[in-house]
Amino acid sequence: MSPEPINYETVLADLQAKRDQLDAAIVAIKGIMGSAGALATAAIPRVSDISQIPPRAFAGLSVSVASHRLLQMVQRRMSTKEIMQGLQAGGLKTSKYRNVYSILRQREADKADVMNVDGVWGLAAWNPERRPRSNLVDPPRPQK
């Protein structure tokens with residue numbers, strides 16, 4: 001009796017589905033932890049490519065909020081052009097490069113939750129060692 005060969009495609013698909021469930025659970029828990037008593041927002045799905053963004057993912061959102069959500073979804077740094085493509089894929093109208101860049105710079109200064117490092121945008125949480133450019137936010141103190 002010869003053993004059946006392992007179908008690695010099925011195993012990989014099962015593991016990816018479980019990873020997606022775990023990522024959604026992690027986002028939900030982080031939302032609960034950061035909500036300060038308010039109801040947590042729905043889990044933000046994780047995508048590996050801009051083409052996987054749901055067509056109405058950013059419907060009704062501002063460019064600022066949608067850009068932040070896009071970075072949370074793709075979990076990687078993105079150029080301004082990539083962000084523009086992602087916003088358009090998610091249902092926002094086309095915006096000019098300078099407008100999107102300006103909005104991201106403003107969010108970086110006001111909320112300090114996005115950050116431009118070497119010409120690409122990412123979440124400030126990905127760069128805890130860097131001081132925020134905002135004058136409104138105190139830099140995090142190193143923990144002992």
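Just so it is clear, the model here is predicted, and its values are computed rather than measured.
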Visitor: Could you name each residue pair satisfying salt bridge (Lys or Arg N to Asp or Glu O under 4.0 Å) that touches residues 81-102, not counting sequence neighbours?
Guide: Arg76-Glu82

Visitor: Working to the nearest 0.5 Å, report the span between CE of Met84 and CG of Leu104.
Guide: 10.5 Å

Visitor: Between atom CD of Gln75 and atom CG of Leu123, what is the distance when rounded to the nearest 0.5 Å?
Guide: 7.0 Å

Visitor: Suppose the criterion is salt bridge (Lys or Arg N to Asp or Glu O under 4.0 Å): which pairs have a residue in residues 13-25, not counting sequence neighbours?
Guide: Asp14-Lys18, Asp23-Arg46

Visitor: Going through the distances and angles, do Leu12 and Gln16 end up as a side chain to side chain contact (heavy atoms under 4.5 Å, CB included)?
Guide: CA-CA 6 Å; Leu12 182 61; Gln16 287 175 328; 4.1 Å; yes

Visitor: Would you compute the distance between atom CE of Met78 and atom CG of Leu87 and round it to the nearest 0.5 angstrom?
Guide: 8.0 Å

Visitor: Please list, one pair per line, the donor and acceptor atoms closer than 3.5 Å that link side chains of residues 53-67 to other protein atoms, with sequence neighbours excluded.
Guide:
| from | atom 1 | to | atom 2 | distance (Å) |
| --- | --- | --- | --- | --- |
| Ser62 | OG | Val65 | N | 3.2 |
| Ser64 | OG | Arg107 | NH1 | 2.9 |
| Ser67 | OG | Val63 | O | 2.7 |

Visitor: Could you check if a side-chain atom of Arg77 sits within less than 4.5 angstrom of a side-chain atom of Asn127, using non-hydrogen atoms only?
Guide: yes

Visitor: Quick one: are Trp126 and Met115 in side-chain contact, heavy atoms under 4.5 Å?
Guide: no

Visitor: Identify the heavy atoms of Ala124 and Ala112 that sit nearest to each other, and give their distance.
Guide: CB-O, 3.3 Å

Visitor: What's the spacing between Gln85 CD and Thr94 OG1 if we round to 0.5 Å?
Guide: 10.5 Å

Visitor: What residues form a side chain to side chain contact (heavy atoms under 4.5 Å, CB included) with Leu22, not counting sequence neighbours?
Guide: none

Visitor: Got a second to check how far Ile83's CD1 is from Ile50's CD1, nearest 0.5 Å?
Guide: 9.0 Å

Visitor: Could you please spell out the steps behind the side chain to side chain contact (heavy atoms under 4.5 Å, CB included) verdict for Val100 and Arg105?
Guide: CA-CA 9 Å; Val100 173; Arg105 274 289 185 197; over 6 Å; no

Visitor: Nearest 0.5 Å, please: how far is OG1 in Thr80 from OH in Tyr97?
Guide: 3.5 Å

Visitor: For Gln106, which residues count as a side chain to side chain contact (heavy atoms under 4.5 Å, CB included) partner, sequence neighbours excluded?
Guide: Asp110

Visitor: Do Leu15 and Tyr8 share a hydrophobic cluster (ILVMFWY, side-chain heavy atoms under 4.5 Å, transitive)?
Guide: yes

Visitor: Where the side chain of Glu108 meets the backbone of Asn116, is there a donor-acceptor pair that is under 3.5 Å apart?
Guide: yes

Visitor: Can you sort out the partners of Asn7 under side chain to side chain contact (heavy atoms under 4.5 Å, CB included), two or more places apart, ordered by chain and number?
Guide: Glu9, Thr10

